[in-house]
Amino acid sequence: MNTGLRITAYATAVAAAFGAAYALGTNVDTVSKPVAHSEKKDHGGGHAEQGAAKKAAAPAGLQVSAQGYALDLRTPRAQAGERTELRFTVLKESSGAPLKTYKKDHGKELHLILASRDLTTYRHLHPARAADGTWSVPATLPKAGDYRVFADFTPRGADAKVTLGTDLAVTGPYAPGKLPPVTATAKAPDGYEVRLTGGLTPGKPREVNLRVTRDGRPVTDLQPYLGAYGHLVALRAGDLAYLHVHPNGEPGDGATKPGPEVSFTATAPSAGSYRLFLDFRHEGVVRTAAFTVRAGGGPHETGGGTEAPHGH
């Protein structure tokens, strides 16, 4: 059986990546039929009001503060091509004090995602947390431009995940890139290729399968990475709305095979173009394949792209 991962847009919270590290303090990380949902009539107004509130809520990552927490980026600027120590703090809005207790998700307390506004550069990092609650991680971004920084975490004792986003300016000569075209395959370093089948439908779950090969041969010995055989980040083009990823299967569960296919169930919050970043681990190295996908119809609903610049 394939690894099932469910992507659900945070409709009740606050941006289709940008996916390395293996421990805290180092750098990362065929379409099925839509699932039927029954529609229940409201019998007292409460359910209808809740549904309206969910529809009105912004997708994840579009806000610098939400759910009682705020993201304070201490390093708002960086120089293209130079190593920069990114520093930030998650603050409790009730007191202004740094958050120091987290619940681990995919083996980490916090996932830091960096993506350029044109979605051609992506980083999945795992920073180190100091005793005072300050997070830090080195990063080298290859080109100038506007970037979005996402902090994805769950406070200890909380049930809901929080994704906060803020801007990072990278200085240097700047020429924005075009969104890579929709194609069915993506290259990754060292002879790897990933083929994507499936698609995204606004508001409906769809199965997305990714098949990993190397030099034309199926890879059947993928290694666990962040608790699964693949980790997916999806960002919406335009505003970089962030889609959450939740695994339904895991290594060692007696059913999930280590490749060549990794399967996800994805729900896009709206029509539009999305950039998908798949991180997978093989022979001790995490590699990234990036795809452009169109949700909401069109001649090229599903596809891929070239390898995303990504250092693990």
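We're numbering straight along the sequence, starting at 1. All values below were derived from every heavy atom in this structure, side-chain atoms included, with hydrogens, water molecules and symmetry-related copies excluded.
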*Applying side chain to side chain contact (heavy atoms under 4.5 Å, CB included), run through Leu278 and Phe264 and close with a yes or a no.*
CA-CA 11 Å; Leu278 173 71; Phe264 305 84; 3.7 Å; yes
*Before giving the answer on side chain to side chain contact (heavy atoms under 4.5 Å, CB included), spell out for Leu164 and Val64 the whole-Å C-alpha distance, their side-chain angles and the decisive distance to 0.1 Å.*
CA-CA 5 Å; Leu164 304 177; Val64 71; 6.0 Å; no
*asked:* Could you walk me through whether Leu114 and Phe150 satisfy the side chain to side chain contact (heavy atoms under 4.5 Å, CB included) test, starting with their C-alpha distance in whole Å, then the side-chain angles of each, then the deciding distance to 0.1 Å, before giving a yes or no?
replied: CA-CA 6 Å; Leu114 278 68; Phe150 302 95; over 6 Å; no
_Tyr102/Arg156 under side-chain hydrogen bond (donor to acceptor under 3.5 Å, both in side chains): CA gap, chis, key distance, verdict_ = CA-CA 4 Å; Tyr102 297 78; Arg156 184 181 297 175; over 6 Å; no
*For Arg148 and Asp167, what are the C-alpha separation, side-chain angles and deciding distance, and is it a salt bridge (charged side-chain N to carboxylate O under 4.0 Å, His left out)?*
CA-CA 5 Å; Arg148 192 69 176 170; Asp167 291 332; 2.9 Å; yes
*Verdict with reasoning, Asp118 to Lys178, per salt bridge (charged side-chain N to carboxylate O under 4.0 Å, His left out)*: CA-CA 7 Å; Asp118 61 11; Lys178 293 182 179 180; over 6 Å; no
*asked:* I'd like to know whether Tyr229 forms a side chain to side chain contact (heavy atoms under 4.5 Å, CB included) with Val219, so could you lay out the CA-CA distance, the side-chain angles of the two residues, the decisive distance to 0.1 Å, and finally the verdict.
replied: CA-CA 11 Å; Tyr229 289 122; Val219 176; over 6 Å; no
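Taken to the nearest 0.5 Å, the CG atom of Leu62 stands 10.5 Å off from the OG1 atom of Thr163. Atom OG of Ser136 and atom CG of Leu125 lie 11.5 Å apart (nearest 0.5 Å). If you take OG on Ser116 and NZ on Lys143, they are separated by 5.0 Å, rounding to the nearest 0.5 Å.
Ring centroids of Phe280 and Tyr192 are separated by less than 6.0 Å, placing the two rings close together.
Here the closest heavy-atom approach between residue Gly259 and residue Leu222 is recorded as CA-CD1, 3.9 Å. Nearest heavy-atom pair, Gly296 versus Ala271, reported as atom, atom and distance to 0.1 Å: CA-CB, 4.2 Å. The two atoms that bring Gly199 and Val208 nearest to each other are O-CG2, 3.8 Å, heavy atoms only. Between Ala237 and Leu119, the shortest heavy-atom contact is CA-CD1, 3.7 Å. Scanning all heavy atoms of the two residues, the minimum distance from Ala186 to Ala289 falls at CB-CB, 4.1 Å. For the pair Lys92 and Pro98, the tightest heavy-atom approach, listed with the atom from each and the gap, is CE-O, 4.1 Å.
Under a cut-off of 6.0 angstrom, the local environment of CZ in Arg87 is sparse, with at most 12 non-hydrogen atoms contributed by other residues, nucleotides or ligands.
Under the 4.5 Å side-chain heavy-atom criterion for grouping Ile, Leu, Val, Met, Phe, Trp and Tyr, Tyr69 is connected to Leu71 within one hydrophobic cluster. Residues Leu91 and Leu86 fall into different hydrophobic clusters, defined by Ile, Leu, Val, Met, Phe, Trp and Tyr side chains chained together at heavy-atom separations under 4.5 Å.
Test Thr292, Leu179, Leu243 against Tyr274 for side-chain contact (heavy atoms from CB on, under 4.5 Å) and you get one pass: Leu243. Across His111, Lys108, Glu109, a single residue satisfies side chain to side chain donor-acceptor pair (under 3.5 Å) together with His126, and that is His111. Shown are Thr140, Leu112, Leu141, Val149; of these, the side-chain contact (heavy atoms from CB on, under 4.5 Å) with Arg123 is made only by Leu141.
Side-chain contact check for Thr256 versus Pro251: every heavy-atom pair is 4.5 Å or farther apart. Residues Arg211 and Pro218 meet the side-chain proximity criterion, which asks for heavy atoms closer than 4.5 Å. When side chains are defined from C-beta on, Thr220 does not count as touching Lys257, because their heavy atoms never get closer than 4.5 Å. Taking 4.5 Å as the limit, every side-chain heavy atom of Asp146 sits out of range of all side-chain heavy atoms of Leu168. Looking at heavy atoms from C-beta onward, Phe153 lies in side-chain contact with Val90 at the 4.5 angstrom threshold. Side chains of Gln223 and Pro258 form no contact here, defined as non-hydrogen atoms less than 4.5 Å apart. Side-chain atoms of Phe291 and Pro180, non-hydrogen and from C-beta on, never get closer than 4.5 Å to each other.
The closest donor-acceptor contact from the side chain of Arg287 to the backbone of His282 lies under 3.5 Å. The backbone N or O of Asp190 lies less than 3.5 Å from a partner atom in the side chain of Arg214, making a donor-acceptor pair. Proximity of a side-chain donor or acceptor of Ser273 to a complementary backbone N or O of Arg294 within less than 3.5 Å is not detected. Lys204 places no side-chain N or O within 3.5 Å of a backbone atom of Thr267 that could act as its donor or acceptor partner.
Thr201 and Arg206 are linked by a side-chain donor-acceptor pair at a separation below 3.5 angstrom, with hydrogens and angles left out of the test. For Lys104 and Thr154, the side-chain atoms include no donor-acceptor pair closer than 3.5 Å. Judged purely by distance below 3.5 Å, without hydrogens or angles, the side chains of Glu193 and Thr213 never pair a donor atom with an acceptor atom. With hydrogens and angles left out, the side-chain atoms of Asn209 and Glu207 include a donor and acceptor closer than 3.5 Å. His231 and His106 share no donor-acceptor pair across their side chains, judged by distance under 3.5 Å alone.
Every pair passing salt bridge (charged side-chain N to carboxylate O under 4.0 Å, His left out) that includes a residue from residues 62-85 is listed here, sequence neighbours excluded: Asp72-Arg74.
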